[in-house]
There are 2 protein chains.
Amino acid sequence: MPLEIPEVVIDRLPIYRGLLSRIMDQGRTVISSHELGIELDVTPAQIRKDLSYFGRFGKQGKGYIVQDLLDELENILGLDRRWTAVVIGIGRLGRAVASYPGFEEEGFDIVACYDTSPDVIGTEINGIIVQSIDDLPNDLKTKSINIGIVTVSSEYAQKVTDLLINGGVTAILNYTPSRVQVPREVELRNINPVLFLQSMTYHLKKLFDEN
Amino acid sequence: MPLEIPEVVIDRLPIYRGLLSRIMDQGRTVISSHELGIELDVTPAQIRKDLSYFGRFGKQGKGYIVQDLLDELENILGLDRRWTAVVIGIGRLGRAVASYPGFEEEGFDIVACYDTSPDVIGTEINGIIVQSIDDLPNDLKTKSINIGIVTVSSEYAQKVTDLLINGGVTAILNYTPSRVQVPREVELRNINPVLFLQSMTYHLKKLFDEN
DNA sequence: AAGTGTGAACAAGTTCACAGCC
DNA sequence: GGCTGTGAACTTGTTCACACTT
């Protein structure tokens with residue numbers, strides 16, 4: 001555990017956790033790295049190595065106690081508590097995001113929504129009244145807000161991101177196709193479906209060219 | 001070009017292309033790998049190496065002609081033509097996806113939408129009438145459909161994916177939190193915002209624990 | 001016997017550094 | 001002089017293989 005942990009390992013832990021959670025629901029109590037690997041299509045060694053960065057959670061000759069490993073992963077990832085998020089930009093996407101039940105189910109509470117349009121401010125989504133973006137800086141001071149979800153249109157992405165960061169938010173989920181600049185200590189994840197499509201077409205093209 | 005090209009390189013090309021497109025709009029005609037690197041926060045060597053897998057596009061002592069490199073990238077990625085996609089599952093997310101203007105702008109035409117609910121079938125999104133999922137297999141035979149976008153609820157993800165693959169679709173964008181199985185030759189990309197949040201909380205937790 | 005945990009071997013990916021060219 | 005293209009060096013990440021534990 002004194003070791004530097006690769007970021008790719010951190011990114012895989014939520015995947016392991018998701019699978020373990022499903023396995024728990026199925027009522028299984030013990031599982032080996034081999035079986036986990038088959039489900040996820042990764043090598044058992046990968047899973048064991050990844051987990052070894054954090055401790056020794058398995059039972060030799062047996063495997064992992066599903067419940068125990070799940071607890072360990074949730075502890076490591078900080079999923080043994082709830083986190084708060086705000087959604088900024090309540091267009092079609094923002095509305096879909098703000099009302100997605102998966103966030104609450106997984107421990108992420110959307111506590112406020114913001115927009116600039118008077119047509120949208122005051123309307124309700126998922127039990128939350130949409131506020132003016134002008135309220136954001138003050139809300140960031142007075143409420144505890146962990147994560148900013150940015151679903152504004154591209155041109156405001158950087159501005160909104162800066163507002164969040166100035167208000168002390170250190171985790172940003174950017175649904176905008178813009179690449180935003182953040183200080184090194186801020187966690188940023190980008191969701192840009194077009195980039196996925198554009199890497200898939202590389203392979204599609206090859207297929208088409210063959211025939 | 002006879003070399004095997006790493007998948008990570010393919011994944012970066014759309015990012016380069018996006019930046020070049022922006023730079024074109026700004027009216028710049030020539031740019032160096034160094035300048036591109038600053039914009040994207042990657043090393044110039046990375047960019048030059050990535051491009052070198054596909055050819056020699058730069059001018060020594062000068063840099064890259066923006067227009068030329070953009071054309072090359074679009075050719076490599078197959079973005080010099082339009083592609084067709086269908087959206088399956090017209091809930092809040094499916095509606096947001098189907099009406100997202102970014103797809104059309106970037107050359108991806110949503111040509112049909114499908115759902116199972118009689119309340120949704122027959123309604124219009126973005127000029128397209130939502131059809132019954134029962135129409136999908138036949139449509140896949142008669143129309144040319146390149147990409148399947150899956151926005152159904154989790155439990156139907158695999159079933160819908162199988163329908164698409166049986167109909168000959170070889171590129172799937174899965175917005176579902178379920179991990180679906182596909183044959184090796186099918187391109188699959190998953191969009192699961194919760195996994196992003198869960199890796200960010202690892203870092204948030206560390207921050208909280210320090211103070 | 002079965003399956004973990006892990007150093008060592010290997011593979012993949014990134015950066016360096018410089019020859020070559022404009 | 002400046003910047004590309006690219007082998008070579010290096011770094012990072014993955015897999016192997018086996019000692020060890022139950």
Side-chain angles (χ1 to χ4, degrees), chain A residues 1-17 19-20 23 28-73 76 184 199 202, chain B residues 1-17 19-20 23 28-73 76 184 199 202:
Chain A
M1 265 180 289
L3 227 70
E4 190 53 56
I5 294 154
E7 192 59 31
V8 285
V9 173
I10 307 299
D11 291 343
R12 281 193 293 262
L13 297 187
I15 299 171
Y16 301 159
R17 187 221 157 242
L19 174 57
L20 284 164
I23 288 166
R28 290 204 57 181
T29 55
V30 177
I31 193 150
S32 67
S33 61
H34 181 75
E35 293 167 291
L36 290 170
I38 288 169
E39 282 298 312
L40 297 176
D41 205 29
V42 300
T43 63
Q46 168 112 266
I47 293 171
R48 294 203 303 278
K49 182 67 130 183
D50 283 354
L51 296 176
S52 78
Y53 284 103
F54 302 94
R56 304 140 127 295
F57 307 130
K59 308 286 173 201
Q60 271 146 325
K62 198 173 172 196
Y64 300 88
I65 313 289
V66 177
Q67 174 75 74
D68 291 356
L69 184 53
L70 189 55
D71 289 348
E72 292 286 358
L73 286 174
I76 292 163
R184 217 172 346 284
S199 65
Y202 170 81
Chain B
M1 263 181 287
L3 227 73
E4 189 54 57
I5 293 155
E7 192 59 31
V8 285
V9 173
I10 306 299
D11 291 343
R12 280 192 294 261
L13 298 186
I15 298 171
Y16 300 160
R17 186 222 156 241
L19 175 56
L20 284 163
I23 287 167
R28 289 203 60 180
T29 55
V30 176
I31 194 151
S32 67
S33 61
H34 182 75
E35 293 167 291
L36 290 170
I38 288 170
E39 281 299 313
L40 296 175
D41 206 29
V42 302
T43 63
Q46 167 112 265
I47 293 171
R48 293 202 303 276
K49 183 67 130 183
D50 284 355
L51 296 176
S52 77
Y53 285 103
F54 302 95
R56 305 139 127 296
F57 306 130
K59 309 284 173 201
Q60 271 145 324
K62 199 174 171 196
Y64 300 88
I65 312 286
V66 177
Q67 173 76 73
D68 291 358
L69 184 53
L70 188 56
D71 289 349
E72 292 287 358
L73 286 175
I76 292 162
R184 217 173 346 286
S199 64
Y202 170 81

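A, B, ... follow the sequence lines: proteins, then strands. Residue 1 opens every chain.
When the C1' atom of C/dG13 is taken as reference, atom CD1 of B/Ile47 falls 15 Å away, rounded to whole Å. Taking atom CG of B/Leu36 as the reference point, atom C1' of D/dG5 lies 15 Å away to the nearest angstrom. In this structure, A/Gln46 places its CD atom 13 Å from C1' of C/dA11, rounding to the nearest Å.
Here the closest heavy-atom approach between residue B/Ser199 and residue A/Pro14 is recorded as N-CG, 3.9 Å. In this structure, B/Leu20 and B/Val66 approach most closely via the heavy-atom pair O-CG1, 3.7 Å. Across every non-hydrogen atom of B/Lys59 and B/Ile65, the tightest pair is CE-CG1, 4.2 Å. In plain terms, the two heavy atoms of B/Glu39 and B/Leu19 that are nearest each other are CB-CD2, 3.6 Å.
B/Glu35 pairs by the side-chain contact (heavy atoms from CB on, under 4.5 Å) definition with B/Arg28, B/Ile31, B/Ser32, not counting sequence neighbours.
Look at A/Thr43 and you'll find a side-chain N or O under 4.0 angstrom from OP1 or OP2 of D/dT15.
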Begin with the C-alpha distance, continue with both residues' side-chain angles, and end with the deciding distance and a verdict on side-chain contact (heavy atoms from CB on, under 4.5 Å) for B/Leu73 and B/Leu51.
CA-CA 9 Å; B/Leu73 286 175; B/Leu51 296 176; 4.0 Å; yes
In B/S/- notation, 5' to 3', how is nucleotides 2-9 of chain C contacted by protein heavy atoms closer than 4.0 Å?
BBBBBBB-
